Amino acid sequence: MKFSRFVAIIAVISMAASAYAEEDGGRLRRNVDVAESDMNDSLNSNGVVILNTNTNSNNSSAEAESTAKQGQKTTVEAEAIAQPTTIVEASPVVESKAEILRKQRIDAEINTEQKIVEKLEDSRLQEERARAERLFGNKFESNQTIVVEEQKQHHTPPVVIIEEEKHKIDRPTQVTIEKVEIIHPETDKSEVVIETRHKPHHHEEEKPVEKNRFFVAGQFGNLSYDASNMKSNYGLGVSAGTIVDNRWALELGYFYSEHSVDTWWVFPLYSKLDQHDLSASAKYYVLPGKLKPYIGGSATYISRTYNERSKYEEYWYRNQNEDESTSAVNLGVLGGVDFFITDNFSIGGGLEYSFNVMNNNPVDWGNDYGLPEDAKDLEEINFYVFKLGVKYAF
């Protein structure tokens, strides 16, 4: 009896549990429907879903967990769709003050150089036109055409192009661009003009003009007479002059020479002769370098004094003169070489042949001194002069 009651109680409890489970499951399904409805509303508004999945049974918990995961996935997708797009950009690099000043300096330098080149080329153009006018007159403009091309759209500076005749195009072109520095450039902005200048080949560069130079010189040497009774001992001299155009030399000189006269005739002759030469000469330097060979001519006034007479009996009593003097004018041709060790100092040597053209000889050598009638006066005899010297030019 008691067992039957126990079974009945268990059955009643089982039925009650089944009924409660069905009621609880229905409640859970209603909650899921409500959650889905709320989730759709939340997606339409904020894109956030909040689920209440509390249950007391194991089956209800599993279904609630699956629903929650599905809801989270749906929530993440909804948030990904609903959130606005964010663009991240790097902050721009700010240039330093030094970089800004450097760029301003470069712009200023370019502007200054453009103005300098413009002024320089304009000045050269004016000078070239003036020179062409002096040399060719209006032929210069007839043979050349100046074409100016401007590109205003690209803001490029005009270019001056000089076009010559076709038969002159094959000549090489020399372009000269110089850079000068000015302290106060002008403030106006102007375009740069670049000129291509053609220089004719037949125009040689102007050579520097040689200035005339003055010089002084000292010489020593000797004479050689074509006379059997004359012996030349030595000669000393000085001179001064000028060098013209580095090729011509004009010179004034004085030369003293001493000679011995052989008295083997034992006549009352003079045993010593003092000769004084005053000369003017012109020389032409054949070569322009440091070694300067030259040729030239001279004119010389000669004064001779005979002294130290041998006192012979008969003729000494006739004429007791202690000395005699004569004069003559000779012309000469000369040649030699000067070697300029420095620009101012030179050494050289030369040979001159002197021949008489006129003389004044008041001495009667035959009657007063007993010389033969056919004896030739020394004043009429030609001679050679050899000289070595040093020269200083200033």
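All figures in this text were calculated on a predicted structure; none of them were measured in a lab.
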Within residues 215-247 or reaching into it, pairs that qualify as ring pair (Phe, Tyr, Trp, His ring centres under 6.0 Å) - sequence neighbours excluded: Y225-H259, Y225-F383
Side-chain heavy atoms nearer than 4.5 Å, only ILVMFWY residues, links allowed to pass through others: does that put F214 and Y392 together? yes
Does any N or O in the side chain of T112 come within less than 3.5 Å of the main-chain N or O of A108, such that one atom is a donor and the other an acceptor? yes
Main-chain N/O of R213 paired with T242 side-chain donor or acceptor, under 3.5 Å: yes
If we only count heavy atoms from C-beta on, is the D274 to N307 side-chain gap below 4.5 Å? yes
Taking a hydrophobic cluster as the set of Ile, Leu, Val, Met, Phe, Trp and Tyr residues connected by side-chain heavy atoms closer than 4.5 Å, whether directly or through intermediates, do F386 and L236 fall within one such cluster? yes
The remaining residues in the hydrophobic cluster of I110, counting side-chain heavy-atom contacts under 4.5 Å among Ile, Leu, Val, Met, Phe, Trp and Tyr, are I106
Using side-chain hydrogen bond (donor to acceptor under 3.5 Å, both in side chains) as the criterion, list what pairs up with D377, not counting sequence neighbours. N361
Any donor-acceptor pair under 3.5 Å linking the side chain of N321 with the backbone of D323? no
Sequence-distant partners of K103, salt bridge (Lys or Arg N to Asp or Glu O under 4.0 Å), two or more places apart: E95
Side chain to side chain, M230 and L273, heavy atoms closer than 4.5 Å: yes
Suppose the criterion is salt bridge (Lys or Arg N to Asp or Glu O under 4.0 Å): which pairs have a residue in residues 214-229, not counting sequence neighbours? none
Quick one: hydrophobic cluster around V337, which other residues, with the 4.5 Å side-chain cut-off, linked directly or via members? L291, F339, I341, F345, I347, V390
Among pairs that include at least one residue of residues 339-351, which meet side-chain hydrogen bond (donor to acceptor under 3.5 Å, both in side chains), considering only residues two or more places apart or in two chains? none
Answer with yes or no whether the hydrophobic clustering places V357 together with V385; edges join I, L, V, M, F, W, Y residues whose side-chain heavy atoms lie under 4.5 Å apart. no
Sub-4.5 Å side-chain heavy-atom contact between N229 and V261: yes
Below 30° counts as parallel, above 60° as perpendicular, anything between as tilted: where do the rings of H276 and Y256 land? tilted
L125 vs E121, side-chain contact (heavy atoms from CB on, under 4.5 Å): CA-CA, chis, key distance, verdict: CA-CA 6 Å; L125 180 60; E121 296 302 331; over 6 Å; no
Got a sec: does the NZ of K231 have more than 12 other heavy atoms crowding it under 6.0 Å? no
Output all residues satisfying side-chain hydrogen bond (donor to acceptor under 3.5 Å, both in side chains) with E99, sequence neighbours left out; order by chain, then residue number. R102
Approximate separation, where rounding is to 0.5 Å, of R309 CZ and S271 OG: 11.5 Å
Evaluation steps, side-chain contact (heavy atoms from CB on, under 4.5 Å), between V286 and K292: CA-CA 7 Å; V286 180; K292 295 177 177 295; over 6 Å; no
Once salt bridge (Lys or Arg N to Asp or Glu O under 4.0 Å) is applied, do any residues pair with K283, and if so which ones, sequence neighbours excluded? E251
Evaluate the ring planes of Y270 and Y306, with Trp represented by its six-membered ring, and classify them as parallel (under 30°), tilted (30 to 60°) or perpendicular (over 60°). tilted
Go through the steps for F255 and T300 under the test side-chain contact (heavy atoms from CB on, under 4.5 Å), then give the verdict. CA-CA 10 Å; F255 195 79; T300 307; over 6 Å; no
Indicate if L351 and L331 have the same hydrophobic cluster label, given that clusters are the connected sets of ILVMFWY residues with side-chain heavy-atom separations under 4.5 angstrom. yes
Heavy-atom distance under 4.5 Å between the side chains of Y284 and W248, does that happen here? yes
With R247, which residues qualify under salt bridge (Lys or Arg N to Asp or Glu O under 4.0 Å), at least two apart? none
Residues which pass ring-ring contact (aromatic ring centres under 6.0 Å, His included) with Y353, listed by chain and number, not counting sequence neighbours: Y384
Only counting residues at least two apart or in another chain, list the ones meeting salt bridge (Lys or Arg N to Asp or Glu O under 4.0 Å) with E109. R105
In Å, rounded to the nearest 0.5 Å, how long is the span from CD of Q275 to CG of L378? 7.5 Å
